[in-house]
Every structure is written in C-alpha cells, then in structure tokens.
Amino acid sequence: MGKLTVIIPSFNEEDNIENTAKEIGTILEGAGIEYDLLFVSDGSTDNTFKIVKELSAKDERVGGIQFSRNFGKEAAIFAGLDHATGDCVAVIDCDLQHPPGILVDMYRLWEEGYEVIEGIKSKRGKENPIYTLFTKMFYGIMSSLMKLDMNKTSDFKLLDRKVVEALLDLPERNTFFRALTFWAGFKSTSVSFDVMERKAGKSKWSFSGLIRYAISNTTSFTTAPLKFVFILGTLLMIFSLVLGVETLVNYFLGIAADGFTTVILLLLIIGGCIMMSLGIIGHYIARIYEEVKGRPRYIVSEITGKNNR
Ligand code: UDP
Ligand code: MG
C-alpha cells in the first residue's frame with residue numbers, strides 16, 4: 001500500500017479537467033487506492049487552472065501547478081515529478097486518450113514490486129496518415145538506436161518513487177520522458193492499452209511542432225547524426241580519391257575533358273554536404289549552449305492544493 005500521485009499535463013484543456021478528475025477519482029476510489037491528482041497547467045490561457053483551483057477547493061486530493069507560459073508537455077511532466085508526493089507516480093493525458101482504468105492494473109503491478117510500469121499502445125488511435133508516417137519514421141530510427149519498439153511506447157506510465165528520484169537527479173534540461181524510463185532500467189514491466197478518442201478539445205500538436213519534437217528528442221538522446229556526418233565524409237573521401245586518380249590519368253594521357261560542368265557539379269555537391277554537416281554539428285552545439293545556460297526547465301506562476309512539495 002502507498003499513495004499514488006497522478007500527474008496530468010494539461011494545456012488549454014478547460015473542457016476536460018472536470019470530467020477527467022471525476023473519472024480518474026471514481027476509478028481509483030472504487031479500487032480502494034489512496035491517490036491525489038496533480039494537474040500541471042502548461043501555461044494554459046483558457047480556464048484550465050481556474051477549474052483546477054475550484055476542484056482543489058472542494059477536494060483536497062486535487063492540486064495543480066500553473067506555468068508562467070507554455071513550456072511543453074515534457075516540462076509539464078517533470079514539474080509533476082518535482083512536486084508529486086506519492087509513493088508511486090503515474091502520468092496520464094488530460095484528454096482521457098489513456099484509459100484511466102489501466103491505472104489500477106499499473107498500481108497492482110507496482111504493489112507486486114515492479115518499479116516501472118510502461119503503458120504500451122496495443123493500437124494507435126485515429127490519426128492523420130502523414131502524422132502516422134512521420135511517427136513511424138521517427139520511432140523507427142529511435143527504436144533501432146535504443147533496441148526497443150518505440151512506436152508503441154507512450155508517456156502513460158507508473159513509476160516508483162525511487163525511479164522518480166533517479167529521473168529528477170538527471171542534470172539535463174532537454175529530456176525525453178518516454179525513452180528515459182527505459183534508459184533508467186529498474187524492475188520494469190508493461191501493460192498494453194487501446195488509445196481512446198480524445199474526449200473534448202483538439203490535439204495540441206502542429207506538424208512543425210512534431211518535427212521539432214522529433215529532432216530535439218533524437219538529438220537529446222543520441223549522437224548518431226554526428227556519426228552520419230563522419231560516414232558521409234568518409235564516402236566522399238573515397239569517391240574523391242577514385243575521381244582524383246582518374247583525372248590525373250586522363251591528364252597525363254592528354255585526354256582530360258574540359259570539365260567545367262564537372263567542376264561546378266562537384267562544388268555544389270561537396271558544398272551541400274559541408275553545409276548539411278555543419279548544420280548537424282551546429283545543432284548539437286546549440287543544444288550544448290542551451291544546457292550550459294542552465295535555465296530552469298519551467299517557471300511556476302501559481303500553485304494550488306496541499307499535495308505539493
Ligand atoms: N500538453 C501539454 N503541453 C503542450 C501540449 C500538450 O501539457 O504543450 C498535454 C495535453 O494537455 C494533453 C497531453 O499533453 O493532456 C497530450 O496532448 P495532446 O492530446 O494534444 O496530444 P496527442 O494525444 O494528440 O498526441
Ligand atoms: Mg491526446
């Protein structure tokens with residue numbers, strides 16, 4: 001037995017808060033689990049936090065944090081981990097796409113002694129095909145790098161306090177929660193769930209937002225793109241050796257071509273490769289710059305409820 005803190009990242013979810021709190025509350029209460037809810041309003045500009053405050057006034061198990069602006073779901077999750085008081089902590093979406101009933105299964109597994117319980121999507125919900133293609137590509141790369149099937153992973157997880165402390169000890173600012181729990185290790189298991197339809201409101205992801213998310217997660221997790229730069233360089237080197245020998249031979253045989261077109265093409269190709277490689281390296285330098293600045297991951301503007309630390 002122990003208390004479960006449920007972290008609910010919420011960004012402009014005014015139509016969901018009340019229903020979500022009620023549904024999760026009813027299910028956990030029905031299962032006899034001691035719990036509290038921690039809504040992290042990620043700089044919502046609608047009534048999200050107002051509703052959380054009202055709920056929290058009525059029920060002391062409901063608490064909330066309001067960010068000073070939108071810092072992203074990743075920051076919201078980590079703020080939740082920072083402030084959670086439970087012996088175990090779960091993260092769930094505010095739109096009930098993660099069925100709250102699964103929380104009970106996760107909690108039971110935690111009672112059995114598991115320290116990380118991953119929510120694995122048995123099938124993805126309805127999505128637009130471009131989105132699906134894009135996530136397939138991104139998770140394909142991540143999966144091969146991490147040697148696990150990232151396509152089915154989600155942010156829906158339950159963690160033991162020990163794991164929460166381990167994640168909070170990480171010094172970096174650019175985190176990727178979904179993969180970090182695998183990286184952290186511990187005694188893990190998984191529960192599969194069907195992704196539900198969003199209850200109310202719209203998905204907060206724009207296409208460009210997703211691309212940025214994918215790039216930032218890849219580079220925060222792996223230096224594989226830098227190895228790609230090296231491999232590209234090596235291939236060009238071999239190519240230039242072959243071409244160089246051929247050119248010299250032709251020159252001495254006196255059959256060298258005029259070669260203006262060749263020169264321009266080579267310049268463009270090599271120039272392109274150099275610029276692209278510089279871009280990749282530059283991106284990593286930018287990440288180092290961000291980390292070195294050491295700015296906080298998020299800024300809290302308001303807190304409500306007793307279940308905060
Ligand atoms: N979310 C957040 N900050 C953001 C974007 C989203 O806290 O900048 C929350 C959002 O309120 C929801 C969860 O993250 O609870 C998942 O977001 P959404 O449903 O928009 O994404 P999808 O389910 O479409 O991947
Ligand atoms: Mg959703």
Side-chain angles (χ1 to χ4, degrees), residues 5-24 37-52 55 62-84 89-100 102-103 119-136 138-139 142 150-157 173-179 193-214 216-217 297-302:
T5 296
V6 184
I7 298 170
I8 312 164
S10 324
F11 176 45
N12 291 344
E13 302 275 11
E14 57 183 1
D15 297 331
N16 281 315
I17 302 287
E18 205 162 349
N19 179 51
T20 301
K22 201 174 82 202
E23 256 190 62
I24 298 179
L37 306 181
L38 185 55
F39 285 95
V40 185
S41 166
D42 184 7
S44 303
T45 48
D46 63 0
N47 285 319
T48 299
F49 197 64
K50 195 169 152 254
I51 300 171
V52 172
L55 289 178
V62 179
I65 300 169
Q66 164 78 354
F67 283 177
S68 60
R69 63 165 170 88
N70 182 258
F71 279 91
K73 186 181 179 188
E74 212 48 43
I77 293 174
F78 273 83
L81 296 179
D82 265 337
H83 290 269
V89 177
V91 178
I92 190 168
D93 277 4
C94 192
D95 52 10
L96 291 184
Q97 285 194 289
H98 302 153
I102 302 289
L103 283 174
I120 302 286
K121 298 173 187 161
S122 53
K123 67 178 194 324
R124 302 182 70 96
K126 264 203 203 119
E127 286 168 346
N128 111 29
I130 303 177
Y131 182 109
T132 311
L133 181 81
F134 187 72
T135 47
K136 273 235 173 78
F138 168 59
Y139 284 125
M142 290 298 283
M150 290 292 299
N151 191 33
K152 297 201 170 65
T153 58
S154 69
D155 288 330
F156 187 25
K157 310 171 192 277
R173 265 135 255 282
N174 286 301
T175 47
F176 184 30
F177 180 66
R178 198 168 292 195
F193 70 95
D194 288 336
V195 179
M196 302 284 129
E197 290 268 341
R198 190 172 232 285
K199 272 280 172 266
K202 279 203 298 256
S203 172
K204 304 296 176 297
W205 290 105
S206 63
F207 188 64
S208 62
L210 271 177
I211 291 183
R212 251 178 291 132
Y213 182 70
S216 106
N217 284 333
R297 237 177 240 163
Y298 58 87
I299 299 173
V300 173
S301 70
E302 227 179 309

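The basis for the numbers below is simple: all heavy atoms, side chains too, and nothing from hydrogens, waters or symmetry mates. Numbering of ligands and ligand atoms starts at 1, following listing order.
By the criterion of a heavy-atom distance under 4.0 Å, the side chain of Glu13, and not its backbone, is placed next to ligand 1. Residue contacts with ligand 1 for Asn12 are absent, since no atom lies close enough (heavy atoms, distance under 4.0 Å).
Numbered from 1 in the order shown, with element, the atoms of ligand 1 that lie under 4.0 Å from a heavy atom of Cys94 read 15 (O). Residue contact check: Asp95 has heavy atoms under 4.0 Å from atoms 19 (O), 23 (O) of ligand 1. Listed by atom number, the atoms of ligand 1 under 4.0 Å from Asp93 heavy atoms are 13 (C), 15 (O), 16 (C), 23 (O). Atom numbering of ligand 1 starts at 1 in the shown order; those under 4.0 Å from a heavy atom of Gln97 are 19 (O), 22 (P), 23 (O). Contact atoms of ligand 1 toward Asp42: 2 (C), 3 (N), 4 (C), 7 (O), 8 (O) (distance under 4.0 Å to a heavy atom of the residue).
Atom CD1 of Ile92 is separated from atom CG of Leu103 by 4.5 Å, given to the nearest 0.5 angstrom.
In terms of polar-atom proximity, defined here as any N/O pair under 3.5 Å, Pro9 does make such a contact with ligand 1. Considering backbone and side-chain N/O of Phe11, one or more are found under 3.5 Å from N/O of ligand 1. The shortest N or O to N or O distance between Gly72 and ligand 1 is not under 3.5 Å.
Distance check for Asp93 against the Mg ion (ligand 2): none of its N/O/S atoms falls below 2.8 Å.
When each of Gln66, Glu14, Glu13, Glu302 is tested with Ser41 by the rule side chain to side chain donor-acceptor pair (under 3.5 Å), just one qualifies, namely Gln66.
The N, O or S atom of Asp95 lying closest to the Mg ion (ligand 2) is OD2.
Classified by interplanar angle (parallel below 30°, tilted 30° to 60°, perpendicular above 60°), the ring pair Phe193/Phe156 is perpendicular. Between Tyr298 and Phe67, the ring-plane angle classifies as parallel under the 30° and 60° cut-offs.
Judged by the 6.0 Å distance and 45° axis criteria, Lys157 is positioned over the aromatic ring of Phe177.
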If you apply the rule side-chain contact (heavy atoms from CB on, under 4.5 Å), what do you find for Arg178 with Asp155, and how did you get there?
CA-CA 5 Å; Arg178 198 168 292 195; Asp155 288 330; 3.3 Å; yes
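Between Arg69 and Asp42 there is no salt bridge, since none of the side-chain N atoms of the basic residue sits less than 4.0 Å from a carboxylate O of the acidic one.
At a threshold of 4.5 Å between non-hydrogen side-chain atoms, the residues Ser10 and Phe39 count as touching.
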